[in-house]
Amino acid sequence: EISACLVGSEMCIRDSWPDREDVTAGRDQEAGGTWLGINDHGVVAAILNRSGSLGPADGKRSRGELVLDALDFADAHEAAEAIGDLDAGAYRSFNLVIADNEDAFWIKGLGRGAPIVAPAPTGVSVLTAHDLNDTAASPRARHYLPLFEDGPIPDPENSDWAAWEALLASKDMAPGEFEPNAAIHVETDYGFGTVSSSLMALPNRNEENLKPHWRFARVWPEREAFTTVMP
């Protein structure tokens, strides 16, 4: 399942998806889906479990299928509409992000009814196992949203990702917080923790000569340096 897949630290090459030759994504070798990917049209999709729904469940489909479903589309808006028509009861609860260089959507599945589709606001957002930018429920969002907002924005064309790479490696927590998932880099002695980190950038809509960027770092069992997946 997406949220705890150790083999997810191995990025899959494009030919790992023979039925989707335009997709670059990791592969969950247990359930066959993915947690993060991009297609050749520049659509990005990523999925998280919601609070209380870590791991697979009998009778439920893998949430990793939803990312692949989204990447079947050449446009983020069309992908979000299609996911919104599915039965959220077929999956454990999830938070799904779908974006391209024009639109970004947060899709919430509550394990019943239809998924709830909402446009992401302009600017920096943080999504955890709670609602988007839910700084009341998520100590991670409460602590890190201002740090991302105030920090230097990456400059992919000049290979400058340093500020956000440092934030993704941070084990800092807000004062008074002790739960490990209040940090971005989660590390425990009971098998729950951060497996990998990714940084992705899409070119502006008027920059057709530029390509998407994807930086990836294996984190478990120990953090390694970021390497380039794309371009």
Side-chain angles (χ1 to χ4, degrees), residues 1-3 5 7-48 61-86 91 94-107 109 115 117-120 122 124-125 127 153-161 164-165 168 195-218 225-231:
E1 188 52 49
I2 296 311
S3 29
C5 173
V7 294
S9 62
E10 298 288 352
M11 287 305 301
C12 292
I13 324 229
R14 189 177 296 264
D15 62 10
S16 295
W17 299 99
D19 58 333
R20 289 178 167 88
E21 294 183 354
D22 66 334
V23 168
T24 302
R27 180 184 288 275
D28 174 0
Q29 294 185 4
E30 179 179 340
T34 188
W35 61 99
L36 173 65
I38 184 172
N39 66 24
D40 288 350
H41 303 286
V43 176
V44 172
I47 199 160
L48 302 168
R61 300 176 68 92
S62 168
R63 288 167 283 195
E65 297 176 4
L66 294 169
V67 175
L68 295 175
D69 289 344
L71 296 178
D72 283 339
F73 291 85
D75 178 85
H77 190 274
E78 293 178 359
E81 282 190 338
I83 298 297
D85 288 337
L86 298 178
Y91 309 87
F94 63 84
N95 283 326
L96 176 66
V97 173
I98 303 174
D100 58 21
N101 62 358
E102 293 191 5
D103 300 293
F105 299 91
W106 162 49
I107 303 175
V117 181
T122 301
V124 177
S125 289
L127 183 59
I153 297 173
D155 181 3
E157 288 305 302
N158 291 305
S159 300
D160 183 4
W161 303 79
W164 283 20
E165 286 183 3
L168 290 182
V195 174
S196 63
S197 296
S198 282
L199 288 160
M200 302 181 77
L202 299 177
N204 291 329
R205 68 191 71 179
N206 59 347
E207 295 179 317
E208 296 181 359
N209 59 315
L210 299 181
K211 301 296 183 182
H213 290 252
W214 185 347
R215 299 272 290 164
F216 171 82
R218 187 197 318 270
F226 277 86
T227 58
T228 298
V229 177
M230 300 178 71

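The chain is numbered in sequence order, starting from 1.
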4.5 Å side-chain heavy-atom contact, E157 and L210: yes
Side-chain heavy-atom pair D72, L68 within 4.5 angstrom cut-off: no
Salt-bridge contact R205-D100 (side-chain N to carboxylate O under 4.0 Å): no
For N209, side-chain contact (heavy atoms from CB on, under 4.5 Å) partners two or more places apart: E207
With sequence neighbours excluded, residues passing side-chain hydrogen bond (donor to acceptor under 3.5 Å, both in side chains) with N206: none
side-chain hydrogen bond (donor to acceptor under 3.5 Å, both in side chains) against N101, all qualifying residues, sequence neighbours excluded: none
Residue list, side-chain contact (heavy atoms from CB on, under 4.5 Å) with L127, at least two apart or on another chain: L48, N95, V97, W106, L132
Atom pairs and distances, donor-acceptor, side-chain atoms in residues 75-83, under 3.5 Å, two or more places apart:
unit_1, atom_1, unit_2, atom_2, d
D75, OD2, H77, N, 2.9
D75, OD2, E78, N, 3.0

Partners meeting side-chain hydrogen bond (donor to acceptor under 3.5 Å, both in side chains) with D160 (sequence neighbours left out): none
L36 side chain reached by V44 side chain, heavy atoms, under 4.5 Å: yes
CA sep, side-chain torsions, deciding dist, call: F94, I107, side chain to side chain contact (heavy atoms under 4.5 Å, CB included): CA-CA 8 Å; F94 63 84; I107 303 175; 4.2 Å; yes
Non-neighbouring partners of A201 that pass side-chain contact (heavy atoms from CB on, under 4.5 Å), sequence neighbours left out: P156, W161, H213
For E102, all residues meeting side-chain hydrogen bond (donor to acceptor under 3.5 Å, both in side chains), sequence neighbours excluded: none
Any donor-acceptor pair under 3.5 Å from S198 side chain to F216 backbone: no
side-chain contact (heavy atoms from CB on, under 4.5 Å) partners of T228, counting only residues at least two apart: R215, P231
